[in-house]
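Here is the structure we will look at, set down as structure tokens.
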Protein chains: 2
Amino acid sequence: MLDECKALANETRLSILEWLKDPATHFDDRVGDEPLGVCAGLIQQRAGCSASTVSAHLAVLLRAGFLQATRRGQWTYYRRDEARIRAFAERVHHDL
Amino acid sequence: MLDECKALANETRLSILEWLKDPATHFDDRVGDEPLGVCAGLIQQRAGCSASTVSAHLAVLLRAGFLQATRRGQWTYYRRDEARIRAFAERVHHDL
DNA sequence: TCGGCATTTCGCTAATCTCCGAAATTACGT
DNA sequence: ACGTAATTTCGGAGATTAGCGAAATGCCGA
């Protein structure tokens with residue numbers, strides 16, 4: 001619970017989770033039908049901060065369990081882990 | 001959403017919210033039937049940190065909307081704002 | 001009115017977080 | 001094998017947060 005809340009306690013990270021709910025509308029290129037998710041570079045571009053900063057944010061969300069990542073060649077694709085996000089929401093509802 | 005998550009991103013504050021779910025079992029004295037809540041002093045005692053630190057934590061939870069406070073004489077009683085906590089849980093469920 | 005108690009506010013230090021650029025890593029194409 | 005591109009890791013600067021004790025505030029009883 002603590003780690004999850006810490007992961008959500010940042011504007012940029014909240015935005016990333018939001019964008020990944022519907023990649024088609026939030027990322028210029030047509031990546032909406034990409035089941036693997038969105039690659040780090042596009043997220044960085046959208047977030048408007050450095051690659052290293054975005055990488056750190058993605059790592060936090062990953063460790064908290066909100067994201068899944070797939071390395072495909074030189075790209076790493078990120079997508080929401082809907083099951084674990086829902087599980088967290090349930091936990092907030094029952095434990096908080 | 002951001003402010004709420006920031007408020008929850010701290011061990012002590014999460015504990016305080018937990019304790020206030022059932023004051024009778026978490027605070028020695030018989031304050032379980034006190035509708036006004038638990039006074040700051042008891043919370044400080046339970047948290048094991050200084051009065052000023054606990055006061056700051058309570059202020060954060062109050063500003064985030066998770067607590068309500070009532071000043072009664074020289075004591076300030078704190079209790080959970082269940083409606084707003086539930087509303088936050090709903091928002092997590094729908095927006096996250 | 002005065003002294004004492006509960007709480008908050010004020011300064012300050014230590015720890016944590018955020019962000020960056022440089023360097024390292026990994027993969028691709030030639 | 002070499003050069004380039006995507007991403008991560010490293011090291012450090014600046015901002016935010018957590019914690020404390022001292023001082024201030026508000027309230028009560030003598």
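Residue numbers start from 1 in every chain, and the chains themselves are labelled A, B, ... in the order their sequence lines are given, proteins ahead of strands. In this text, all values refer to a predicted model and were calculated from it rather than measured experimentally.
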Could you tell me the separation between the CD atom of A/E18 and the CG atom of A/L20, rounded to the nearest 0.5 Å?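 Going from the CD atom of A/E18 to the CG atom of A/L20 covers 10.0 Å.
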
Any chance you could measure A/R86, atom CZ, to B/L96, atom CG, to the nearest 0.5 Å?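 Those atoms lie 11.5 Å apart.
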
Span of DNA chain D, from the first to the last nucleotide whose atoms fall under 4.0 Å of chain B heavy atoms: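 Result: D/dT17 to D/dC28.
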
Which residues pass the side chain to side chain donor-acceptor pair (under 3.5 Å) test with B/S55, not counting sequence neighbours?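 Partners of B/S55 under the side chain to side chain donor-acceptor pair (under 3.5 Å) test: none.
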
Which residues pass the side chain to side chain donor-acceptor pair (under 3.5 Å) test with A/Q44, sequence neighbours left out?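 A/Q44: no side chain to side chain donor-acceptor pair (under 3.5 Å) contacts found.
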
The criterion is ring-ring contact (aromatic ring centres under 6.0 Å, His included); which residues satisfy it with A/F88, sequence neighbours excluded?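 ring-ring contact (aromatic ring centres under 6.0 Å, His included) check on A/F88 returns A/F66.
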
Using a cut-off of strictly less than 4.0 Å between a heavy atom of the residue and any atom of DNA chain D, enumerate the qualifying residues of residues 59-78 of chain A by number.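 Of all residues in residues 59-78 of chain A, the ones placing a heavy atom under 4.0 Å from DNA chain D are A/Q74, A/W75, A/T76, A/Y78.
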
Closest non-hydrogen atom pair, [X] against [Y]:
| X | Y | answer |
| --- | --- | --- |
| A/R71 | A/G73 | NE-O, 3.4 Å |
| B/Y77 | B/G37 | CD2-O, 3.6 Å |
| B/M1 | B/R91 | N-NH1, 3.8 Å |

Nearest-Å distance, CD (B/Q45) to P (C/dA6)?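 Roughly 10 Å, once rounded to whole Å.
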
Using atom names, set out every protein N or O paired with an N or O of nucleotides 19-24 of chain C below 3.5 Å, distance rounded to 0.1 Å.
| from | atom 1 | to | atom 2 | distance (Å) |
| --- | --- | --- | --- | --- |
| C/dC19 | OP2 | A/H57 | NE2 | 2.6 |
| C/dC20 | OP2 | A/S50 | N | 2.9 |
| C/dC20 | OP2 | A/S50 | OG | 3.2 |
| C/dC20 | OP2 | A/T53 | OG1 | 2.8 |
| C/dG21 | N7 | A/S52 | OG | 3.4 |
| C/dG21 | O6 | A/S52 | OG | 2.9 |

For the hydrophobic clusters of this structure (ILVMFWY residues joined by side-chain heavy atoms under 4.5 Å, transitively), does one cluster hold both B/I85 and B/L62?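 Yes, it is one cluster - the side chains of B/I85 and B/L62 are joined through contacts under 4.5 Å.
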
Pairing donors with acceptors under 3.5 angstrom, does anything connect the side chains of A/R79 and A/T70?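 The answer is yes; a qualifying pair exists.
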
